[in-house]
Structures are given as C-alpha cells and as structure tokens.
Amino acid sequence: MIYEAGDKRRLYYLIDLYSQGKINEPVFSREFCQLFDHEIEYEVLTPLEETVFDHLSNVASRYSSFEKDHILYPGVFYTVAELKEAIVNAKEELRGQWLI
C-alpha cells in the first residue's frame, strides 16, 4: 500500500509491517519517527492516536540495538524488547481505530 505523505494510515501501515515481520526495529524506528515527527499534521489525528503515536515515537526515537549504549547510558535508550512491547501496545490501544 502506498499512501500520500502526511496520511496517518502510513503510521498504521508501519505498525502492521513490523507486526508481520516484514521490517525490523531499525527500519521501523527510522520510518515511524520521520513520519510522526516531520510529516503528519497532528490535527488529522484523534486525541487517542496522538497520545499513542507520541509515546511510540518517543520509544522509537530512543531505541538502540547496541548493548554498549545501554551499558554506558542506562535508562536513556530503549531495547528491542521495549520497542516491540510499545508497538504491540500501540496496536492494541488503537484496535478500534485501525484504518487499513
């Protein structure tokens, strides 16, 4: 599926791609943050979507797959498990609003 830039369905699509194992954590994080932080007009989001996507963007933007980051800067970066949990929780919280 291809959606225009700024279409909030792209956020849902990325969550689906990750959930289906079609993209990995670095790709999800990069793409989700780019979309949410720079392309989506927040007024197109429902209050619930804005809250859920904002939390997911915070986790995704601070995700690191490097163990050294977690050792040197404890509590600063999120792990693979924490990112996955945030994605699963976002999908569950938005279940009734799923657009694709």
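Keep in mind that this is a model prediction, so the values were computed, not measured.
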Practice task
May I have all residue pairs that pass side-chain hydrogen bond (donor to acceptor under 3.5 Å, both in side chains) and include part of residues 24-33, sequence neighbours excluded?
Solution key: Y18-E25
Exercise for the section: Go through the steps to decide whether I15 and L56 satisfy the test side-chain contact (heavy atoms from CB on, under 4.5 Å), and finish with yes or no. Expected result: CA-CA 10 Å; I15 292 171; L56 184 52; 3.9 Å; yes
Problem - Verify same cluster id: L14, V80 (apolar side-chain graph, 4.5 Å) - result: yes
Which donor-acceptor pairs under 3.5 Å do the side chains of residues 40-47 make with protein atoms, sequence neighbours left out?
from : atom 1 : to  : atom 2 : distance (Å)
Y42  : OH     : F36 : O      : 3.1
T46  : OG1    : E49 : N      : 3.0
T46  : OG1    : E49 : OE1    : 3.4
T46  : OG1    : Q97 : OE1    : 3.1

Exercise for the section: List in chain and number order the residues that pass side-chain hydrogen bond (donor to acceptor under 3.5 Å, both in side chains) with D37, two or more places apart in sequence or in another chain; answer none if no residue qualifies. Expected result: S57
Handout entry: Selection residues 75-88 - residue pairs positive for side-chain hydrogen bond (donor to acceptor under 3.5 Å, both in side chains), sequence neighbours left out
Key = T79-E82
Exercise for the section: Determine the interplanar angle of the F28 and F32 rings, folded into 0 to 90°, and report it as parallel if under 30°, tilted if 30 to 60°, perpendicular if over 60°. Expected result: parallel
Problem - ILVMFWY network linking V27 to L35, side-chain heavy atoms under 4.5 angstrom - result: yes
Handout entry: V76/D69 under side-chain contact (heavy atoms from CB on, under 4.5 Å): CA gap, chis, key distance, verdict
Key = CA-CA 8 Å; V76 173; D69 287 341; over 6 Å; no
Handout entry: Residues forming a side-chain hydrogen bond (donor to acceptor under 3.5 Å, both in side chains) with N89, sequence neighbours excluded
Key = none
Exercise for the section: Tell me whether Y73 is reachable from Y63 by hopping between hydrophobic residues (I, L, V, M, F, W, Y) whose side-chain heavy atoms are closer than 4.5 Å. Expected result: no
Exercise for the section: Kindly work out whether a path of hydrophobic side-chain contacts (I/L/V/M/F/W/Y, heavy atoms less than 4.5 Å apart) joins V52 to L17. Expected result: yes
Handout entry: Carboxylate-amine/guanidinium proximity below 4.0 Å for K91 and D16
Key = yes
Completion exercise
Apart from F66 itself, its cluster of hydrophobic side chains linked below 4.5 Å comprises none
Practice task
Identify whether V59 and F77 are in the same connected component of the hydrophobic contact network (ILVMFWY, side-chain heavy atoms under 4.5 Å).
Solution key: no
Handout entry: S64 OG to L83 CG distance, which is reported to the nearest 0.5 Å
Key = 11.0 Å
Problem - Residues, nucleotides or ligands: over 12 heavy atoms within 6.0 Å of Q20 CD - result: yes
Fill in the blank from the handout: What one should report as the nearest heavy-atom pair of E4 and R10 is O-CD, 3.3 Å
